[in-house]
Amino acid sequence: MAKTYTIHPESPQVRTVEQIVGMLRDGAVMLYPTDTVYAIGCDLNSKSAVQRVRQIKQQSNDKPLTFLCPSLSNVATYARVSDTAYRIMRHLIPGPYTFLLPATKLVPRLVQNSKRKTTGIRVPDHAVSQTLLNALGNPIISTSAHLPQDDNGQFSSSAQTEASISQAELFDCLDKLVDIIVDDGSEPGYQVSTILDLTESEPAIARKGLGWEEAATWV
């Protein structure tokens with residue numbers, strides 16, 4: 001059963017953040033709010049926790065996992081950012097965008113696209129996510145916690161849909177799968193991030209999500 005932490009959405013309590021971060025450093029997996037959807041995540045550098053995230057989402061090891069960084073300068077630690085990519089990113093960060101970039105050696109192979117050696121990175125415009133990132137000092141895995149209904153009316157973590165469920169339903173579904181639930185009072189969204197592929201000389205929008213119209217003006 002997960003431990004639920006109620007946290008202020010704009011001014012997260014220091015003591016609560018310290019407790020969450022302590023558990024993340026010990027390999028905990030959490031359900032937490034972002035500026036797009038609720039996400040399942042953990043410390044990027046906890047191999048066992050990353051494996052658990054994959055199990056919860058029923059993902060194979062060859063599928064890359066996105067992670068959050070607190071700033072553009074921090075992104076450059078984990079990815080090679082070209083001049084073109086930098087110009088685009090500085091206009092869109094922070095925000096609901098995932099940037100596909102060539103990974104540096106600091107990105108664990110377990111979260112990379114193994115064939116392309118690329119990684120997906122986000123810088124969220126969200127007080128709770130940013131506070132956790134800065135307190136932890138490491139990137140945080142971020143994979144959407146969409147739990148739509150299957151054909152039998154049961155919620156399933158293996159499918160994806162645009163239909164949103166309530167916060168109570170989401171928390172109940174994941175209560176026995178994660179160690180931490182971070183509750184900032186928000187309801188789960190269903191609009192995912194816009195993905196921008198910045199791995200080639202010509203940038204491209206790989207998926208239209210929140211804010212894609214603005215992203216299109218820079219790509």
Side-chain angles (χ1 to χ4, degrees), residues 1-46 49-50 52-53 56-57 65-72 74-75 92-99 120-148 155 157 160-195 209-211:
M1 192 175 216
K3 184 172 180 60
T4 299
Y5 290 93
T6 302
I7 197 165
H8 193 281
E10 298 299 332
S11 302
Q13 303 90 321
V14 174
R15 180 173 175 78
T16 303
V17 170
E18 289 175 347
Q19 291 174 328
I20 295 170
V21 165
M23 292 182 69
L24 291 175
R25 287 179 178 147
D26 288 338
V29 172
M30 67 175 174
L31 173 67
Y32 67 106
T34 73
D35 54 347
T36 54
V37 298
Y38 264 83
I40 299 169
C42 63
D43 185 332
L44 176 71
N45 293 327
S46 176
V50 172
R52 283 185 56 204
V53 171
I56 292 170
K57 288 297 296 274
L65 288 170
T66 295
F67 58 88
L68 306 182
C69 285
S71 65
L72 178 52
N74 190 247
V75 170
L92 299 175
I93 285 178
Y97 304 101
T98 298
F99 302 99
I121 304 180
R122 288 195 57 215
V123 178
D125 186 11
H126 192 272
V128 173
S129 297
Q130 283 285 352
T131 300
L132 291 173
L133 284 165
N134 284 295
L136 181 62
N138 287 331
I140 296 174
I141 292 294
S142 179
T143 180
S144 66
H146 280 161
L147 294 175
F155 287 104
S157 61
Q160 292 295 327
T161 185
E162 291 187 350
S164 181
I165 65 173
S166 72
Q167 185 201 68
E169 289 170 322
L170 182 65
F171 287 5
D172 184 61
C173 286
L174 288 170
D175 183 55
K176 295 181 180 179
L177 298 178
V178 300
D179 306 300
I180 302 166
I181 293 176
V182 181
D183 180 5
D184 71 345
S186 64
E187 286 294 327
Y190 63 87
Q191 289 185 282
V192 292
S193 64
T194 291
I195 298 178
L210 275 174

CD on Glu187 to CD1 on Ile165, rounded to 0.5 Å: 9.5 Å
Could you check whether Asp183 and Gln167, counting side-chain N and O atoms only, form a donor-acceptor pair closer than 3.5 Å? yes
State the CZ-CZ distance between Phe67 and Arg122, to the nearest 0.5 angstrom. 12.5 Å
From Leu174 atom CG to Met30 atom CE, the distance as rounded to the nearest 0.5 Å: 13.0 Å
On a heavy-atom basis, which atom in Ser129 and which in Pro33 lie closest, and how many Å separate them? OG-O, 3.0 Å
Just one of Thr66, Leu44, Asp43, Ile121 clears the side-chain contact (heavy atoms from CB on, under 4.5 Å) bar with Pro139, so which one? Leu44
Can a donor-acceptor pair be found, under 3.5 Å and without considering hydrogens, that links the side chain of Thr194 to the backbone of Gly209? yes
What are the two closest non-hydrogen atoms of Ser186 and Asp184, and how far apart are they? OG-OD1, 2.6 Å
Which distance, rounded to the nearest 0.5 Å, do you find between the NZ of Lys3 and the CD of Gln19? 6.5 Å
Chi angles and distances behind the side chain to side chain contact (heavy atoms under 4.5 Å, CB included) call for Ile195, Tyr97: CA-CA 6 Å; Ile195 298 178; Tyr97 304 101; over 6 Å; no
Check whether any side-chain heavy atom of Ile93 sits under 4.5 Å from a side-chain heavy atom of Phe99, and report yes or no. yes
Test of ring centre spacing under 6.0 Å for Phe171 and Tyr38: yes
Without swapping roles, check the side chain of Asp125 against the backbone of Pro94 for a donor-acceptor pair under 3.5 Å. no
Would Glu10 and Val128 count as a side chain to side chain contact (heavy atoms under 4.5 Å, CB included) here? Give the steps. CA-CA 7 Å; Glu10 298 299 332; Val128 173; over 6 Å; no
Side chains of Thr36 and Ser193, donor plus acceptor under 3.5 Å: no
Working note: Arg52 + Leu177, criterion side chain to side chain contact (heavy atoms under 4.5 Å, CB included); need CA distance, chi angles, decisive distance, verdict. CA-CA 9 Å; Arg52 283 185 56 204; Leu177 298 178; over 6 Å; no
Determine the minimum heavy-atom distance between Ala145 and Ile40, stating which atoms define it. CB-CG1, 3.8 Å
Taking Gln13 for the side chain and Ile7 for the main chain, is one N or O donor matched with an acceptor at less than 3.5 Å? no
Taken to the nearest 0.5 Å, the spacing of Asp179 CG from Leu31 CG works out to 11.5 Å
What are the two closest non-hydrogen atoms of Lys57 and Thr143, and how far apart are they? NZ-OG1, 3.1 Å
Could you check whether Glu169 and Ser166, counting side-chain N and O atoms only, form a donor-acceptor pair closer than 3.5 Å? yes
Within this structure, what is the OG1-CD1 distance for the pair Thr4 and Ile180, rounded to the nearest 0.5 Å? 10.0 Å
Closest heavy-atom pair, Leu68 versus Tyr32, reported as atoms and distance to 0.1 Å, is CD1-OH, 3.5 Å
Qualifying residue for side-chain contact (heavy atoms from CB on, under 4.5 Å) with Val37, from Pro188, Ser144, Ser142: Ser144
Please report the C-alpha distance between Val192 and Leu210 in whole Å, then the side-chain angles of each, then the deciding distance to 0.1 Å, and finally whether the side chain to side chain contact (heavy atoms under 4.5 Å, CB included) criterion is met. CA-CA 6 Å; Val192 292; Leu210 275 174; over 6 Å; no
Return the minimal non-hydrogen interatomic distance between Leu136 and Arg25, and the atom names on each side. O-NH2, 3.4 Å
